[in-house]
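What follows is one structure encoded as structure tokens, with my remarks underneath.
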2 protein chains.
Amino acid sequence: MKYFTNACPAPGAGLILPRVKKSGRIIIPRKTIYRLSIYLRCLARLKENGLDTVSSEALAKAAGVKPTQLRKDLACFGTFGTRGLGYDVTELSSRIADELGTSRLQPVILVGVGNLGLALLSYRGFEKEGFEIIAAFDANPRRPRNKQIAQPILGMDVMPKFIAEHGVKMAILSVPAPSAQEVANHLVECGVAGILNFAPIVLTVPEDVMANNVNLAIELENLSYFIRE
Amino acid sequence: MKYFTNACPAPGAGLILPRVKKSGRIIIPRKTIYRLSIYLRCLARLKENGLDTVSSEALAKAAGVKPTQLRKDLACFGTFGTRGLGYDVTELSSRIADELGTSRLQPVILVGVGNLGLALLSYRGFEKEGFEIIAAFDANPRRPRNKQIAQPILGMDVMPKFIAEHGVKMAILSVPAPSAQEVANHLVECGVAGILNFAPIVLTVPEDVMANNVNLAIELENLSYFIRE
DNA sequence: AAGCGTTTGTGAAATATTTCACAATATTTC
DNA sequence: GAAATATTGTGAAATATTTCACAAACGCTT
Ligand SMILES: NC(=O)c1ccc[n+]([C@@H]2O[C@H](COP(=O)([O-])OP(=O)(O)OC[C@H]3O[C@@H](n4cnc5c(N)ncnc54)[C@H](O)[C@@H]3O)[C@@H](O)[C@H]2O)c1
Ligand SMILES: NC(=O)c1ccc[n+]([C@@H]2O[C@H](COP(=O)([O-])OP(=O)(O)OC[C@H]3O[C@@H](n4cnc5c(N)ncnc54)[C@H](O)[C@@H]3O)[C@@H](O)[C@H]2O)c1
């Protein structure tokens, strides 16, 4: 059977508003940003396997895109390949990480320590991707039994101070849908600029704040369309 | 402060391969499919508020898109508005649900009952979106203490029989990354045609199978790009 | 039942993204 | 060190998506 990569490498993000950042630099399309994240993960795997250099063809294949697309994506923010040879794996990784802003560990907080929030809190996979959930907040903060959670679980009252003191710019929002907009507003007031939202509603945030929604029901629904003959 | 909807309504899906389904019908772009899911949720909210009809302008605003885009999206699979009046909320909902294949409750299984899998299993929000997780499977099946889980948690050996008997077509995959591809292959052999994958790898599946990836690290990374000035 | 105000549906234009094609430039081989 | 080989970077073409602009169609009012 012929196998090929028939998947959306970055799933949740089904619908992308055409908002891009212009900051002196060239504008990078939103879809390119997502692909850069994928390239970064492929490069990490290559590095683990001891590869020093990689061609656009090989990397593109690993990422499930065409080589020209990869090169166009990279062209958005520089030229760092060697013709005839390819790209230096380490250098390309670090340039992409710089561009994405993940070259240093980012502090993240989580709000809403319920079923989902607890699973995310205890997940040890974010650190090696450049993120660390440094604290969690809940309207009703309780330490769960039978769980080793490294982070403090705090009340909402201390959140503003904590965000200010730790320079937190990103938050994961896993509160029930009816509270989500209210909590999001609060986060924004405290200075959070990026929110990863799991509540099944469309958040409204100011222009200079970015909210990404992960809506699992929509992902399932999307699948259900494509599986019908 | 001027607030507006600065969010990706369907998050995880950052990168969308241009694969579309042609089945006699008109081809519907993948992005349109995602938006249809959003429209469906907005319509549900309108119905709760007692609205009978809605104009493309009002619905588009709720969904965070332009009215012309909404109308173009709907035009992909029919014409059911009334000029001068708008759309019948109930009728439009049911036509979209038909198109997406969620007009009947879909049985879904979950594989990998760990931290994340358990949170998903105990989540009661999927039913009203048209999905029901009817069983879970794990290489090491254990009933969790302190948790009411309605679904059976079964061993991998009984999975093929279960899938065949219940006509399962969709699966949620929440096993560790190193096992994900192997389990996915197994699911495909059993007849599963749609996989929602949480493991941070790009799955390779046959052409007639769809895999959507939810990669939270990529979502965070995406945010981290946009929050830098 | 005719006129008015609305709102849809859609071809055409505008915009964005992807792919192509190839010159430019490096490495490797002999 | 020159020729052969490989691979990048990029303008231009192709494709896809979004937006515009407006005719057509409906409900409502009188
Ligand atoms: N659990 C899942 O698998 C799952 C799947 C998809 C979507 N979601 C969504 O994720 C969100 C969380 O789901 P969950 O199952 O963890 O819910 P949950 O009810 O288990 O947990 C919600 C937590 O948020 C806290 N909370 C409520 N209001 C708050 C407020 N105003 N400020 C701070 N904290 C508050 C509660 O105390 C609770 O601990 C929901 O919006 C849900 O729809 C969950
Ligand atoms: N927990 C999170 O918050 C989180 C966040 C992002 C991504 N993820 C990803 O989701 C996946 C699950 O995460 P988790 O934290 O729940 O992991 P986990 O280790 O808690 O659970 C994994 C479960 O899968 C089972 N399993 C392992 N191999 C299997 C196999 N071959 N067949 C069947 N079952 C098998 C294990 O018995 C275990 O119960 C991982 O790929 C992880 O990277 C998790």
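First the proteins, then the strands, lettered A, B, ... as listed; each starts at 1. Just so it is clear, the values below take in all heavy atoms, side chains as well, and ignore hydrogens, waters and symmetry mates.
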In whole angstrom, what separates [X]'s [atom1] from [N]'s [atom2]?
| X | N | atom1 | atom2 | result |
| --- | --- | --- | --- | --- |
| A/Y39 | D/dT8 | OH | P | 13 Å |
| A/E57 | C/dT19 | CD | P | 15 Å |
| B/F77 | C/dG9 | CZ | P | 11 Å |
| A/Q69 | D/dA16 | CD | C1' | 13 Å |
| A/D73 | C/dT17 | CG | C1' | 10 Å |
| A/L92 | D/dT8 | CG | C1' | 12 Å |
| A/L74 | C/dT18 | CG | P | 14 Å |
| B/L85 | D/dT29 | CG | P | 12 Å |

Geometric cation-pi criterion, A/R71 with A/Y87: 6.0 Å, 45°: no

Against the six-membered ring of A/Y225, is B/R30 placed for a cation-pi contact (under 6.0 Å from the centre, within 45° of the normal)? no

May I ask you to say what A/T79 touches in the nucleic acid, namely base, sugar-phosphate or nothing, with a heavy-atom cut-off under 4.0 Å? sugar-phosphate

Heavy atoms under 4.0 Å, any strand shown: does B/T82 hit a base, just sugar-phosphate, or nothing? sugar-phosphate

Look at the side-chain N and O atoms of [X] and state whether any lies under 4.0 Å from the OP1 or OP2 oxygen of [N].
| X | N | result |
| --- | --- | --- |
| B/K31 | D/dT18 | yes |
| A/Y87 | C/dA26 | no |
| A/S56 | D/dT8 | yes |
| A/R35 | C/dT18 | yes |
| A/R71 | D/dT8 | yes |

Ignoring the backbone of B/S55, work out which of C/dT7, D/dT7, C/dT17 is nearest its side chain. C/dT7

Please determine, for the side chain of B/K72, which listed nucleotide (D/dT8, D/dT19, D/dT10) has the closest atom? D/dT19

Return the minimal non-hydrogen interatomic distance between A/A199 and A/A177, and the atom names on each side. CB-CA, 3.9 Å

Is there a donor-acceptor pair closer than 3.5 Å between any side-chain N or O of A/R95 and the backbone N or O of A/F77? yes

Can a donor-acceptor pair be found, under 3.5 Å and without considering hydrogens, that links the side chain of B/T53 to the backbone of B/V89? no

Does a distance-only test, which skips hydrogens and angles, find a donor-acceptor pair under 3.5 Å between the side chain of B/R83 and the base of C/dT7? no

Tell me the partner of C/dT17, counting only Watson-Crick (N1-N3 plus N6-O4 or O6-N4) or G-U wobble (N1-O2 and O6-N3) with both under 3.5 Å; none if nothing fits. D/dA14

